[in-house]
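Here the structure comes first, spelled out in C-alpha cells, and everything after it is commentary.
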Amino acid sequence: MNILNTLSILAAAPSEATAIWLPVFFWTFALVSVLSSLAVLVVKDIVRCAFLIMSSLSGLAGLYLLLGAEFLAFTQIMVYVGGILILILFGVMLTNREPLLIKRMKATGLVAPGVLAGLILFTAIGYSVCTVDWKVTDQPLPADADTPARIGNALMSDFILPFEMASVLLLVALVGAAMAARRGGAEG
Amino acid sequence: MFQSVFAKKIDFEPKAFQEEFGSVINSLKDNLPFIAPELVLVGAICVLILAGLFVPRRDQKGSLGLFSLVALLGAGWLACSVGTSHFPGLEKPDTLFQGMIAFDSFAVFFKALFLLAGAVVVIQTYLSHEFEGFAMGEYYSLMLASLLGCCLLAAATDMVMIYLALELVSIPTYILVIYRKADKRATESALKYAIYGSVAGGVMIYGLSLFYGLTGSTALTSLSTISMEGANAAVVVIAGFLVFAGFAYKMAAVPMHFWCPDVYEGAPIPVTSYLSVASKAAGFAAFVRFMDAFGLGEQIRIAGGESISIQWVEVVAIIAAVTMTFGNLSALFQDNVKRMLGYSSIAHAGYLLMGVVGMKGIAGDVEGFQAISFYFLSYLFMNLGAFTVVIVIASRTGAENIESYKGLGPRMPFRAACLAIFLVGLIGLPPTGGFTGKFMLLKVVILQKYYWLAIVAGINTAISVYYYARIIKNMWLEKGSSTEQILASPLGVSVIGLQAAMVLVLGVFFSPFVDIIQRISFLS
C-alpha cells in the first residue's frame, strides 16, 4: 500500500523534488506493458502467455495510477489481473495435464499485410495523439478528488442507461457463453 | 488521496444528496415511460432465460416462440402508441436519460421496424426444421437482447450509448450464429464473425476516443463544435474513418463486408434473415444520426486561415458505388441461395448508402433518410419474405442450392409465386415496394446532382436481374427430378402470403406509407 500511496501522491501533486521521478515511473510502466505484450506474440506456452498478459495489464494499471485515476487502476487489477487471468489459469489447470501449447499458423502471406495494417493504424493514431491540441482541463486534480464517488455518481445519474444496459449485455453474454461452451451446445 | 478512498468515513447526508441529484433522479423517473418497449424486452429476456429451464425441451420452440412473439408484438405496439401519442406535438423531452438516447419519430419508426422484423424471425424459427429438439430459451432471449440493442442503437445520441448498443446488437448474434454447434460451417463462420466484429468494434472505439479528446464530451451534438484549426482537420478525417469502420461492419458495406457471405451461409437461416434486416437497419439508423451530427461537409471550416471543407458526401458516394458493384458482381457466381442473398444484402447496403449521400434533400420533398426508412420498410418484407420461402424449401426438401430449385414452381405454386414477387422486389421492378423504394433513393441522389451514382445504381440493377431471375427461371421453367407436391402449413402460407401482399401494397398503394415516411424527422 505504501508504494502505491507514494506514487499517486507523486502524480497528483508533483513537487520540485519528486517531479524528476515521474518520467522514470512512466517509462518503467510503459516498457513493462509494451514488452510483455510483444512477448505474448512469440511465447508458445499458454500459461506463460497468461503471466505475460498479467504483467502487461499491471503496467497499464501503473500508468492509470500516474494519471491520478486510482479507481481505474484498482479496477484494472481486480477485474483483469485478479479475475480474468486467474480464470484462464484455472481453465488450463482443470482441463489439461500436459502444458497447453498454442499452435501457431505457419507464416503465410498474411504477416506482411498484418504488419502493414498495424503500422498504418499506429501511425494514424500516433499522429493524432502527438499533433492535436486536445481539449484538456487546466485545473489540477484536487488532492481529495474522491474519484470513486464521482464515478459512482456519474454512473447513477448521467450514465444510468448505458450502465443498466451493460448489465443486460453481460447477462446475455454469460448465458450465451455457457450455451456455447456446453458439450453439444443447445442440443446436449 | 488514498486516505480519501480507504480511510475517509463516508458521510451520507440524504438532504445534500437530494439537493444535488434530486432533479436528475426525477427526470430519470419521468423518462421511464418513453422506453417502455425496451423495458418489455428486458423483462421478456429474463422470463425466457428462466422458462428455458422449466419448459420441456420438445415444446420450447413452440411455446417460448409464442411468448417471444407476444412480447415483440406487445413491445412494437407500445413503441407505436408511445410514439404516436406524443407526435407531432412533441411537448415531451427530445432526449432521454441525460442526452443518452433521442425520442424522435425516426427512432420510433425504426423501433417498430425492428420489433416487426423480430416477430417475423420468431415465426421463421418456428417454421424452420433446424432447431428440432433444441433448448430454445437461450435462443429467443439472445434474439430479444440483440433487438433491444437495435432499438437503443437507432435512438442513441451519445458515443458511449452508440458503442454499447452496437455491442449489444453484435454479441448475442455471435452465439445465435453458432447455435447449431454440430454444424461445422456454423462454427467456422461464428468464429470469423466474432473476430471480425471485435476488431471492427476496437477500431471504432479508437475513433470515438479521438472525437472525445477533440470535444471533451461524448454527446453526438458536440461533434459539430470541433475546432478545425491546425492539425485537427487531419485527425477528424482519421477519426471519421475509424468510426466508419464500426458502422460499415454493421451495414456490411465495403471494405468491412468480408464476414457477410460466410456468416450468412453458415448461420441457421432465421438468424441469417435477422442479420440481413434488423441489425443492418440498426447500423444504418445510427450511421444516419452520426452523419447528421458530424456534418456532411456542407459547411466550410477554417483551418489555419484557409477555408477547407471535408466532403464526406463524396466519400460515402464512392463507398456506395463500390459496395453495390462488388455485391452484385460477386452474387452472380453463387450457387448457395443463402450465400447469394448475403452478397445481395451487401449490394443493398450500397443502394441504401445512396440515401445517406442525399440525406438532407430538398425541403418538402422526400429526404434521404426518409428514403432509407421507406426502403427498409419494403426491404423488411421482401428480404424476410424471401428468407421465409427459403426456410420452408430447406425444411421440406433440404435444398439450399439454386440448382436444386429446379421445377419447384409447380410443386409449391403459391409459395414459389410469392418468392418470385420478393425477388422482383429485390431487383427493384414495379409493381413492388422495392421499386418505390429504389425510385426514392435514386430521386434523392439525382436531386443532389450525383448523376454518376444514379447511373452506377441503374447498371447494378440491370446486373442483379441476372441472379435473381435465375432462381425464378429455375423454379418455373426448368424441369426438376420430382413432381411431388410439397406440403404447405397454414402458418407458413399465411405469413408468406401476408409479406408478399405487403410488398405489392408498398409498390401500388404507397401514398399512405409515403405520408408517414415524410413526417419522420430526427433531432439534430
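Each chain gets a letter, A, B and so on, in the order the sequences are listed, and its residues count up from 1.
Atom CZ of B:Arg185 has more than 12 heavy atoms from other residues, nucleotides or ligands within 6.0 Å.
Partners of B:Glu167 under the salt bridge (Lys or Arg N to Asp or Glu O under 4.0 Å) rule, at least two apart in sequence or in another chain, do not exist in this structure. Partners of A:Ser55 according to the side chain to side chain donor-acceptor pair (under 3.5 Å) rule, which considers only residues two or more places apart in sequence or in another chain, are A:Ser36. B:Thr125 pairs by the side chain to side chain donor-acceptor pair (under 3.5 Å) definition with B:Tyr139, not counting sequence neighbours.
Only the backbone of A:Ala177 comes within contact range of chain B, with heavy atoms under 4.5 Å apart. If you measure heavy-atom distances from B:Leu152 to chain A, the contacts under 4.5 Å come from the side chain alone. Contact annotation for B:Tyr206: only side-chain heavy atoms (C-beta onward) come within less than 4.5 Å of a heavy atom of chain A. Contact annotation for B:Leu210: both backbone and side-chain heavy atoms come within less than 4.5 Å of a heavy atom of chain A. For B:Ser27, no part sits under 4.5 Å from any heavy atom of chain A, backbone or side chain. Contacts between B:Ile35 and chain A at a heavy-atom distance below 4.5 Å involve the side chain alone, from C-beta outward. Of the atoms belonging to A:Ile160, it is side-chain heavy atoms, and not backbone ones, that fall under 4.5 Å from chain B. No part of B:Ile25 comes within reach of chain A, as not one of its non-hydrogen atoms sits under 4.5 angstrom from that chain.
Between A:Ser157 and B:Leu28, the shortest heavy-atom distance links the atoms O-CD1, 3.9 Å. Across A:Val172 and B:Ala145, no two heavy atoms sit closer than the pair CG1-CB, 3.5 Å. Residues B:Lys181 and A:Ala180 share a closest heavy-atom pair of NZ-O, 2.7 Å.
Rounded to the nearest 0.5 Å, atoms CE (A:Met179) and CZ (B:Phe134) are 9.0 Å apart. Going from atom CE of A:Met165 over to atom CG of B:Leu168 covers 8.0 Å, rounded to the nearest 0.5 Å.
Under the 4.5 Å side-chain criterion, counting only non-hydrogen atoms from C-beta, B:Gln98 is not in contact with A:Leu161. Between A:Val168 and B:Leu148, some side-chain heavy-atom pair lies under the 4.5 Å cut-off.
The only member of B:Val235, B:Val236, B:Val237 that meets side chain to side chain contact (heavy atoms under 4.5 Å, CB included) when paired with A:Ser128 is B:Val235.
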Please report the C-alpha distance between B:Leu164 and A:Phe163 in whole Å, then the side-chain angles of each, then the deciding distance to 0.1 Å, and finally whether the side-chain contact (heavy atoms from CB on, under 4.5 Å) criterion is met.
CA-CA 9 Å; B:Leu164 187 77; A:Phe163 181 69; over 6 Å; no
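The stretch residues 118-125 of chain A places A:Leu121, A:Ala124, A:Ile125 near chain B, each with some heavy atom under 4.5 Å from a heavy atom of that chain.
The greatest number of non-hydrogen atom pairs below 4.5 Å with chain B, out of A:Asn153, A:Val129, A:Leu171, is found for A:Asn153.
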